[in-house]
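Okay, structure first, notes after.
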Amino acid sequence: MKDYLRAELTSALQALSYPAVDLIFDKPKVAAHGDLTTNCALMLAKQVGANPRQVAQAIVDVLKLDAARIAAVDIAGPGFINFRFAETAVFDNAKKILVEGPTFGRSAFGAKRKTNIEWVSANPTGPLHAGHGRQVILGAALANILEWTGFDVTREYYFNNAGNQMRNLGESVYARYRQELGDEYLMPENGYQGDYIKGIAHTIVEEFGDSKRAPDDDKELFTKHGEQWCFDAIKKTLATLGVKHDVFYNEDSLYKTGKITEVVEEFKKRDLAYEAEGAVWFRATALGLESDRVIVKSTGEPTYRLPDIAYHREKFRRGFELVIDIFGADHIATIPDVLAGVRALGYSTDNVKVIIHQMVAFLKGGAIVKMSKRDANGYTLDDLIAEVGVDAVHYFFVMRGANTQLDFDIDLAKQQSDSNPVYYLQYAHARIASILRFAAEAGFDLSDSKRFAETTNLTLLSSKEELDLLKLLADFPAALKNCAESYEPHRLTLYLREVAEAFHRFYHEHRVISEDKTLMQSRVALCLMAKTVIGNGCAVLNVHAPEKM
RNA sequence: GCACCCGUAGCUCAACUGGAUAGAGCACCAGCCUACGAAGCUGGGGGUUGCGUGUUCGAAUCACGCCGGGUGCACCA
């Protein structure tokens, strides 16, 4: 419908020889204002030098709209042009929901653009903590949204199993191993304090006894055991949440294939790298940044920036046209350097979208729960899932914009689970499922929704509640597109809540099951459509849509 | 000190990217079950959108300055 109006308005503007403007259609907040509105007259008024209402009138006079699609056009307020849909168009549009069923909502908006979305990317030095949850959920939802809107999505996890952190892990496991054997042995200064380290050490004692007691410089056995345990734990948590990655990209491969030294050489060639104080520096100031940065330490080891630059370049080399990174606010400082580096290598970073999410504070018993991995009492994502459940974890983390500092009150999420927004949505779905069971008993064959659609007369749906719901349901593809355009999954939860609300209101006002079989069929169809949209929306958000609860 | 993010109802957050009367949930008050799920519905109170100046037909949204909170500012990642 928007496309139709856009085309008609564009030619109207041409006919009036008005300048072309970026046409924006909004859904008015107030229903009395119609189904769609545009502010183009307001935007044109200044350029044309006329009062906005006159401009709007001129446009409306020239517009020749198909009465089968648009029932009314009027000018309101300071110069908005409001459109009201013809009911036949609403019904035709809505039938698509039944025809498309589980794929309703999918669109070709993304035009199969090759997209890489990288997130989580926690190194295997410990289990995921609760704070990671926000990123885990955000990325999973966004990846689904992009897939539904026609992007060719690769889900990626980037990790590093070498270097300082892993050395530290190995030392920590070794220390716990010695302690387990009864030796006096101190943990390294910044060692990982979590209890899971003791668990790892314990398995090594069980397997090797005290045969690994002799200090061994590289602690490889301890590091390997630690890495394996941690990665298993991380993957298990992701699996519990139903979050899948297509590619686990090991930073180490960048070294083995020489991609790291390649970047240093290229920087040197372009005078973007120099040696000083025994280290190699990236001349970021030449690219307009605050200060130069070390990319290779005096020990010969690169800092994280260098592999990150090489990694991002590889993403482009692998053919990705859109590169999405999801980071917590604590990593924000690294982004400008990496992007500058990638640009310096000749790649445009216009197609890199970095999504930053703010930190989450978990409150329990009125106090902030500590989450540091080095803290023995770290609150893990597994702990959170165990307390509030998988669906609540998904829904709560995705229902707020990424840029808000979120307070997650665990006590509240548990205690008030009845009035939890995720249940509101799931309840609507279960309620519909229950009605449809009645309908099936009453003899309606819902097994083929496409055929069901063909034999249903939707024009019997004439009340405000029915039409409001119908229009809202038909908006689902647009809602997904809106999320994809803005990279903001939380808007989907807002939309789905509106759907559930519109359904409950309809349900309250009208009986589905009735003697009038024709009317009943129309309303059964409406229920089926609502169930389809809620079900599809839940699938995008990785939330279960229960038949009963 | 510098950079980035945020500040909206008692609390947690929206507001379709500059639009019409700033909206939901929780909490509070008052109603609604002899028919399909009351985990629901209807109504009510609650706001100087942190403060100020500016930009324009129009600002929660943009700019500048304060105030308050968060996150960074490593030869850690």
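As the structure is a prediction and not an experimental result, all values here were calculated from the model. Throughout, a chain's letter reflects where its sequence line sits, starting with A, and its residues are numbered from 1.
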Salt-bridge test for [X] and [Y]: reply yes if a basic N is under 4.0 Å from a carboxylate O, no otherwise.
| X | Y | value |
| --- | --- | --- |
| A/R84 | A/D35 | no |
| A/E509 | A/R505 | no |
| A/K471 | A/D475 | no |

So what does [X] hit on the nucleic acid, given a heavy-atom distance under 4.0 Å: a base, only sugar-phosphate, or nothing?
| X | answer |
| --- | --- |
| A/R511 | base |
| A/E277 | base |
| A/S486 | base |
| A/N82 | base |
| A/E488 | base |
| A/V30 | nothing |
| A/H510 | base |
| A/A76 | base |
| A/A45 | nothing |
| A/T37 | base |

Select one nucleotide: of [options], the one nearest the side-chain heavy atoms of [X].
| X | options | answer |
| --- | --- | --- |
| A/A333 | B/rG72, B/rC41, B/rA77 | B/rG72 |
| A/F80 | B/rA77, B/rA20, B/rG37 | B/rA20 |
| A/Y427 | B/rC76, B/rG40, B/rC16 | B/rG40 |
| A/S298 | B/rC75, B/rG19, B/rA77 | B/rC75 |
| A/L42 | B/rU17, B/rC57, B/rA38 | B/rC57 |
| A/I513 | B/rC36, B/rG37, B/rA20 | B/rC36 |
| A/Y424 | B/rC75, B/rA77, B/rG40 | B/rG40 |
| A/H331 | B/rG40, B/rA77, B/rU42 | B/rA77 |

Looking at [X], I'd like to know whether one of its side-chain N or O atoms comes within less than 4.0 Å of OP1 or OP2 on [N].
| X | N | value |
| --- | --- | --- |
| A/K297 | B/rA74 | no |
| A/Y423 | B/rG37 | no |
| A/Y495 | B/rC16 | no |

Do [X] side-chain and [N] base share a donor-acceptor contact under 3.5 Å?
| X | N | answer |
| --- | --- | --- |
| A/T303 | B/rA77 | no |
| A/T299 | B/rC75 | no |
| A/N168 | B/rA77 | no |
| A/D330 | B/rG72 | no |

Inset, instruction - Supply the atom-to-atom distance A/I59 CD1 to A/L44 CG, rounded to the nearest 0.5 angstrom. - result: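 Atom-to-atom, A/I59:CD1 and A/L44:CG are 5.5 Å apart.
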Legend entry - Short side-chain donor-acceptor distance under 3.5 Å, A/D391 and A/H544: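 The answer is yes; a qualifying pair exists.
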Legend entry - From CA spacing to verdict: ring pair (Phe, Tyr, Trp, His ring centres under 6.0 Å), A/Y249, A/F159: CA-CA 6 Å; A/Y249 198 99; A/F159 70 99; 8.8 Å; no
Inset, instruction - Name the residue closer to the 5' end of RNA chain B, choosing between A/I24 and A/T38 according to the nucleotide with the nearest heavy atom. - result: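 Upstream on the strand: A/I24.
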Inset, instruction - Kindly check if the number of other-residue, nucleotide or ligand heavy atoms within 6.0 Å of NZ (A/K464) is above 12? - result: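 It does not: A/K464 NZ has 12 such atoms or fewer within range.
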Inset, instruction - Could you tell me whether A/R431 sits above the aromatic face of A/Y507, with NZ or CZ closer than 6.0 angstrom to the six-membered ring centre and within 45 degrees of the axis? - result: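 Satisfied, under 6.0 Å and within 45°.
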Inset, instruction - Taking the six-membered ring of A/Y424 (Phe, Tyr or Trp), confirm whether the NZ or CZ of A/R497 is under 6.0 Å from its centre and within 45° of its axis. - result: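 Yes, a cation-pi geometry holds between A/R497 and A/Y424.
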Inset, instruction - Would you mind building the protein contact string for nucleotides 2-14 of chain B? One character per nucleotide, 5' to 3', B for base within reach (heavy atoms under 4.0 Å), S for sugar-phosphate only, - for untouched. - result: --SBS-----BSS
Inset, instruction - State the syn/anti category of B/rU48 according to its glycosidic angle, syn meaning within 90° of 0. - result: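 Nucleotide B/rU48 adopts anti.
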Legend entry - Glycosidic conformation of B/rC33, taking syn as within 90° of 0 and anti otherwise: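 For B/rC33, whose glycosidic angle is within 90° of 0, the conformation is syn.
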